[in-house]
Every structure is written in structure tokens, then in C-alpha cells.
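This report refers to the structure that appears directly beneath it.
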Amino acid sequence: MNGWGYEWPDDFRLHLEDHRRNLVFDRELLLRLASGCKGSGSFIISVLSREYLQLGIAWARCARRVGIHRFAFAAADSETAEALEYLSIPHVRISLSPGMTAIGQYRNPGGFDSKGMAIIHSRLALVKFLLDNQLDVTACDADAIFMRDPQPFLSRDVDIAFQRVVYFPKPLAKMWGFTGCGGFVAYRASPRVSAFLDRVLAIQQEVSDDQIAFNIALLEDGVRWSPVLDWTEDDEERKDVFAAHAMKPIHGRTEGLKLSLEALPADAFWRHEFVPLDLGSTVLLHPNSPKSLEGKLEVFRRILGEDLKWWLM
């Protein structure tokens, strides 16, 4: 398999399977949170650590502000769990493999350190657990802020719906004109979707990026898109085509598992600055940003201006 430079370091490979099989979390608590929350639609799960705690608290505040109550964090350390408990924010504690988090200063090509990669590796396992218990679930990054409840924008006729991006992984972006973003993916519970996630998790044993794994799994299952966007090697041309189709969903179907897919409108589920932003109609605000708390807050400060003060209260 071509991991496009994101193959796991040898030191990590010793711990990957053990981490996946022995991920420690309170299964009964997570099921209670997912099935007992007020509201309808997909249960939303995000993973949070102390490095982004302030951002996660703002995420929860924004979710509740727009009427989202079916959500929880997977807290990746005790400091985060204690803060969420104090603020009555729903969460379940997960214990990351010491072997995966103890490789010092290593960062993968995407800029994620060992703890970040362990978190990424854990998130899909939690999603798979919920799906196997017949619960629809949406995986969402803590820096993907809800401006509206996404549920009315997610079709019940679609197995997997996701935010779309233009850059990464680049080989598939050239082929399709876009790729699926791992930062917001909504899964409808079914044996076929669970089988797809089994393949994604298997690929994550080879590559350290969940977005690469997700898109490779789509490719391997024979995905076909409609409309078909023009192939181009030129990055600027690809951005122009992406922006021209931003307001429309792109639908897909896989030949193997017969999954129905939707790449959500890129103006409503916003990621790229070259796509016009209208905060009055945005559902998800998920800007490209540095992998640091201050860097992310600065990007949101530039977008939201004075509104950021309420957001961070």
C-alpha cells in the first residue's frame, strides 16, 4: 500500500494492534450517553486533550447554543476529564497506550505528534463501537465549530456524509477533484458501514493519517462520483473547479459494499478560504489552521471578530 509518506514508524507498529484491541473506555457509559441524550439524529463524538481544552469547551458551548445535545467528548487525559466533569460537559475517559505516546518528538508529515496520532487512532475505534451498537454517529474535530445543527442537512438516504476538501490526500484530490475530510464524517449504522470501517481501521494500521485511510478505503471499494469533476494536475485549476461546485453536494456510490455517499456542500460545511464564507448560512465552521491552540484561536479571531469573546467565555 502507498501511504504517501505517512507510514507508521517502526516503533509505533509494535503498539498499534495492542492499542486498538485494548483501548480502555467505559463502554456502558458511552452507550448511555449516546442513547440517553435529548434530541434526535446522529450522536456526535469528538476527542479532546488538554492541549485544546479551551477550544473544546467553546465547541460544546456552540453546540448547545444551536440546539445540539446529543454529543460527548472522549477525554484523552485526566486534566481534560476533570475540567469537563466540572463544567457538566458529557464525556467518557479514554486511556491512550503509553507505548504510542512515548516516542518523544516524532511528528508525522501532517504535523501530528505521537499523542495526536494516538488520539486519531482511537477516534475511529469509538465510532465503530457505537455503530456496532446500532447507533448513528458523527465524528467531528474539536476545531470544527457548529453554527447550526447539522442534522437537517444530513440525508437519511445516505450511508456516509462528509465535509469535502481540495488538497489532501493529493493523489486522490487530483483524481476526484476533492477528497473526504476526516474532521466531519456522519455514519449511518448498518453492517455495510461497519464493514467499511473495519477496512479503514485496517488501513490505519499501515498509515498514520485517518483521512488518508478513509479515502483509500473509498478508492478500494470502487467509489464513483456524480457529478464527475475534471481531472487536473494544476492546484489552482482544481481550486477553481472546487469553488465552482461548492454550493452543491456531490453524490457517490461504491461498487463493493454498495455504500451511498454524500460530499456535503463546501460553502455550508466550510473549510477553505477560497470558498466564499457567509456566516449567516454556514453549518460547520472548520477553517484550515495551525496545530496549536493559539494558532487556531487566531484563525477564529480573524473570522469571528468580536463574536469570539462570547465564544470563549
Side-chain angles (χ1 to χ4, degrees), residues 34 39-46 63 66-68 70-71 123-124 126-128 130-132 134-166 168-169 172-173 176-200 210-219 221-229 242 245-272 275 281-286:
S40 59
S42 181
F43 178 73
I44 301 170
I45 189 162
S46 186
V66 300
I68 299 170
R70 297 199 68 226
F71 73 85
R123 179 170 65 180
L124 200 61
L126 298 176
V127 169
K128 177 69 163 50
L130 291 167
L131 289 172
D132 287 347
Q134 292 76 56
L135 290 162
D136 296 347
V137 58
T138 296
C140 186
D141 284 353
D143 64 349
I145 302 300
F146 292 110
M147 310 299 285
R148 279 173 177 67
D149 184 350
Q151 195 58 45
F153 301 88
L154 301 176
S155 171
R156 284 292 305 169
D157 297 327
V158 172
D159 292 312
I160 305 174
F162 53 86
Q163 184 178 42
R164 68 186 194 247
V165 291
V166 75
F168 183 78
L172 296 183
W176 299 334
F178 68 96
T179 58
C181 177
F184 182 87
V185 189
Y187 300 94
R188 188 177 63 175
S190 75
R192 291 179 296 115
V193 174
S194 287
F196 175 77
L197 262 69
D198 278 333
R199 182 54 189 152
V200 178
D210 60 334
Q211 191 161 305
I212 290 179
F214 177 81
N215 284 281
I216 287 178
L218 291 178
L219 178 70
D221 206 42
V223 68
R224 297 291 182 269
W225 301 110
S226 178
V228 176
L229 303 188
F242 186 98
H245 291 81
M247 293 183 292
K248 300 282 188 180
I250 296 174
H251 296 282
R253 189 166 183 84
T254 67
E255 294 181 351
L257 290 168
K258 309 299 183 186
L259 296 171
S260 57
L261 310 167
E262 184 174 342
L264 295 159
D267 59 340
F269 292 79
W270 189 86
R271 180 72 166 161
H272 297 307
V275 173
S281 60
T282 302
V283 177
L284 187 76
L285 185 63
H286 187 201

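This one's a predicted model, so the numbers in the text were calculated from it and none came from an experiment.
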Measure across Q163 and L264 and return the closest heavy-atom pair with its distance rounded to 0.1 Å.
N-CD1, 4.1 Å
Less than 4.0 angstrom from a charged side-chain N to a carboxylate O is my criterion; do D159 and R188 meet it?
yes
I need the minimum non-hydrogen distance between T282 and A268, along with the two atoms involved.
CG2-O, 3.5 Å
For the pair D149 (side chain) and V66 (backbone), establish whether a donor and an acceptor sit closer than 3.5 Å, ignoring hydrogens and angles.
no
Does any part of the side chain of V283, heavy atoms only, come nearer than 4.5 Å to the side chain of M147, both counted from C-beta?
no
Would you indicate whether the side-chain heavy atoms of F43 and L135 approach each other to under 4.5 Å?
no
Main-chain N/O of S42 paired to T138 side chain as donor or acceptor, under 3.5 Å
no
Kindly indicate whether the side chain of W176, heavy atoms from C-beta on, has any atom under 4.5 Å from the side chain of L218.
yes
Is any side-chain heavy atom of Q211 closer than 4.5 Å to one of C181?
yes
Evaluate the side-chain proximity of P169 to T179: yes if any heavy-atom separation is below 4.5 Å, no if none is.
yes
Counting C-beta onward and ignoring hydrogens, is there a side-chain heavy-atom pair between I250 and L229 closer than 4.5 Å?
yes
With the side chain counted from C-beta on, respond yes when L126 and L130 share a heavy-atom pair under 4.5 Å apart, and no when they do not.
no
Is it true that D221 and R199 make a salt bridge, defined as a side-chain N closer than 4.0 Å to a carboxylate O?
no
Aromatic centroids of F162 and F214 separated by under 6.0 Å
yes
Is it true that R123 and D141 make a salt bridge, defined as a side-chain N closer than 4.0 Å to a carboxylate O?
yes
Aromatic rings F269 and F184: how do their planes relate, parallel, tilted or perpendicular, breaks at 30° and 60°?
tilted
Side chains of I212 and F168: closer than 4.5 Å at any heavy-atom pair?
yes
